[in-house]
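Below is one structure; the comments refer to it alone.
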2 protein chains.
Amino acid sequence: MTAGSLRDDLKTLPDTSPEVDRLVTEIISRVADKWTMLLIEILTERECCRFGELFRACEGISQKMLTQTLRAMERDGLVTRTVYPVVPPKVEYRLTDLGLGLSKAFCGVWHWAEAHFEQIEQARRDYAAKAENE
Amino acid sequence: MTAGSLRDDLKTLPDTSPEVDRLVTEIISRVADKWTMLLIEILTERECCRFGELFRACEGISQKMLTQTLRAMERDGLVTRTVYPVVPPKVEYRLTDLGLGLSKAFCGVWHWAEAHFEQIEQARRDYAAKAENE
DNA sequence: ATTTATACTTACCGAAAAGAGAGTGTGGAC
DNA sequence: GTCCACACTCTCTTTTCGGTAAGTATAAAT
């Protein structure tokens, strides 16, 4: 496929109002951050997770960020948070249908990134090499 | 479609190594920011743009951010930057095939967001209302 | 001689995000 | 009585982000 024909395909997408554009952009950048995506991935695979489980699965995250990210996802209707009134506390998270839909939509980007990350790394090396020769 | 069957679909995706996971996550969060997405959209529509044109099309952006974002995109191989040695300077940007591929992959997310932003806003209202009653 | 156009680059500053690490509540095991 | 488990929550510090505004280079137009 050439750049030209691919672009023609893309051009046929429906135009949207600038207002919707802004909303959509805001939602995407809200949702397309590192931890949110990782959590969506984990919750897609595991169905239902406790806080500590997510904490261990999401290596590198701090408790603070995990709480914050989960709260934002709950607020946006992507996950449900179920608290069991027991001691020690037990809280379960799972994706809603909305969250699963997003997970599916992201698959395209995920696949693209998987298929092309070597190209990107090569581009970065080329760029660095070019910069060095100047 | 139920949550269960949708999840089953998603589960059939190939597993990837944690290393690739990290790379892919890094690339996506690199690429999924507000300005990069907007620029990809504009360049998908307009094919070829000068700096000033992008500056005007991307309302709200500062010159600094525009330069920075374009440089990052160039570094990642998403756009080409062509400098014409004339005065006043003339520089043209256009998406590479890699950039167009990303544009296409993001369409899915874009469509999802377009189709569901009202649901998200409703979820946010519900969440705010619930928080207020406590 | 001065202004204009273009595409930056640089310096500075405040705001916002994020990490580290300690603290909290409570019931049951020891 | 003490400790542990779990899911936070709070504070403090560091890092990063992003905006403003000024500066640069140069040829042509006035």
Side-chain angles (χ1 to χ4, degrees), chain A residues 22 25-39 42-43 46 48-76 78-94 127 130-132 134, chain B residues 22 25-39 42-43 46 48-76 78-95 127 130-131 134:
Chain A
R22 268 191 310 97
T25 308
E26 188 266 329
I27 286 166
I28 293 178
S29 56
R30 169 51 268 292
V31 125
D33 87 302
K34 186 178 170 185
W35 300 125
T36 303
M37 288 195 315
L38 245 182
L39 287 172
I42 294 166
L43 286 167
R46 306 228 218 185
C48 181
C49 282
R50 297 184 59 176
F51 184 87
E53 212 178 329
L54 291 172
F55 187 60
R56 282 182 297 276
C58 233
E59 66 172 304
I61 200 171
S62 63
Q63 284 194 332
K64 182 185 157 186
M65 281 311 293
L66 180 54
T67 307
Q68 221 171 84
T69 307
L70 285 169
R71 283 291 189 293
M73 291 172 76
E74 193 196 353
R75 178 176 117 89
D76 289 344
L78 302 175
V79 297
T80 56
R81 176 169 177 270
T82 313
V83 182
Y84 298 90
V86 295
V87 168
K90 178 176 173 183
V91 179
E92 280 182 352
Y93 295 90
R94 68 172 69 219
Y127 188 86
K130 218 184 69 190
E132 217 158 287
E134 273 152 35
Chain B
R22 267 190 311 97
T25 309
E26 189 265 330
I27 286 166
I28 293 177
S29 56
R30 168 52 267 292
V31 127
D33 86 304
K34 187 178 168 185
W35 300 126
T36 302
M37 287 194 318
L38 244 183
L39 287 172
I42 294 167
L43 285 167
R46 304 226 206 162
C48 180
C49 281
R50 296 183 61 176
F51 184 88
E53 211 178 331
L54 291 172
F55 187 58
R56 283 182 296 275
C58 233
E59 66 172 306
I61 201 171
S62 64
Q63 284 195 332
K64 182 185 159 187
M65 283 310 296
L66 181 54
T67 306
Q68 220 172 82
T69 308
L70 286 169
R71 282 294 188 290
M73 291 172 75
E74 192 196 353
R75 178 175 117 88
D76 290 344
L78 302 176
V79 297
T80 56
R81 176 168 177 270
T82 313
V83 182
Y84 297 90
V86 295
V87 167
K90 178 175 173 183
V91 179
E92 279 183 353
Y93 295 90
R94 66 173 70 218
L95 288 181
Y127 188 85
K130 218 184 70 189
E134 273 153 35

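Chain letters run A, B, ... following the sequence lines, proteins first, then strands; residues in each count from 1. Bear in mind the structure is a predicted one, so any value in this text is a computation, not a measurement. Every heavy atom of this structure was used, including side-chain atoms; hydrogens, water molecules and symmetry mates were not.
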Open item on the list: With a 6.0 Å cut-off (strictly less than), is the heavy-atom count around NZ of Lys34(B), excluding the residue itself, greater than 12?
Closed with: no
Task: Heavy-atom check, side chain of Ile61(B) versus side chain of Leu54(B), under 4.5 Å - done: no
Open item on the list: Tell me the interatomic distance from Lys34(B), atom NZ, to dG19(D), atom C1', rounded to whole angstroms.
Closed with: 12 Å
Task: Val91(B) side-chain proximity, nearest of dT20(D), dC8(D), dA7(C) - done: dA7(C)
Task: Exercise: identify the closest heavy-atom pair between Arg71(B) and Tyr127(A) - done: CD-OH, 3.5 Å
Open item on the list: For Arg56(B) and Pro89(A), find the nucleotide of DNA chain C closest to each by heavy atoms; which residue's nucleotide sits nearer the 5' end?
Closed with: Arg56(B)
Task: For atom CE of Met65(B) and atom P of dA7(C), their distance in whole Å - done: 19 Å
Open item on the list: Nearest whole Å is fine: how far is dA16(C) C1' from Gln68(A) CD?
Closed with: 11 Å
Task: Presence of Arg81(A) side-chain N/O under 4.0 Å of dA7(D) phosphate oxygens OP1/OP2 - done: no
Open item on the list: Under 4.0 Å, counting only non-hydrogen atoms across every strand here, what does Tyr84(A) touch: a base, just sugar-phosphate, or nothing?
Closed with: nothing
Open item on the list: Nearest to the Arg50(A) side chain among dT26(D), dA7(D), dT26(C), which nucleotide is it?
Closed with: dA7(D)
Open item on the list: Quick one: does any side-chain atom of Thr36(A) pair with a main-chain N or O of Ala32(A) as donor and acceptor, under 3.5 Å?
Closed with: no
Task: Rounded distance (Å) that lies between atom C1' of dC6(D) and atom NZ of Lys64(A) - done: 20 Å
TODO: Tell me what Gln63(B) touches on the nucleic acid: a base, only sugar-phosphate, or nothing, going by heavy atoms under 4.0 Å.
DONE: base
Task: Nucleotide dA5(D), atom C1' - distance to CZ of Phe51(A) in whole Å - done: 14 Å
- [ ] In whole angstrom, give the distance that lies between atom CD of Glu74(B) and atom P of dA7(C).
- [x] 15 Å
TODO: Rounded to the nearest 0.5 Å, what's the gap from OG on Ser62(B) to CH2 on Trp35(B)? Could you check?
DONE: 8.0 Å
Task: Closest to side chain of Val87(A), choosing from dC6(D), dC8(C), dT26(C) - done: dT26(C)
Open item on the list: Expressed as a whole number of angstroms, how long is the span from Arg30(B):CZ to dC17(D):C1'?
Closed with: 14 Å
Open item on the list: Can you measure Glu92(A) atom CD to dC8(D) atom P for me and round it to whole angstrom units?
Closed with: 12 Å
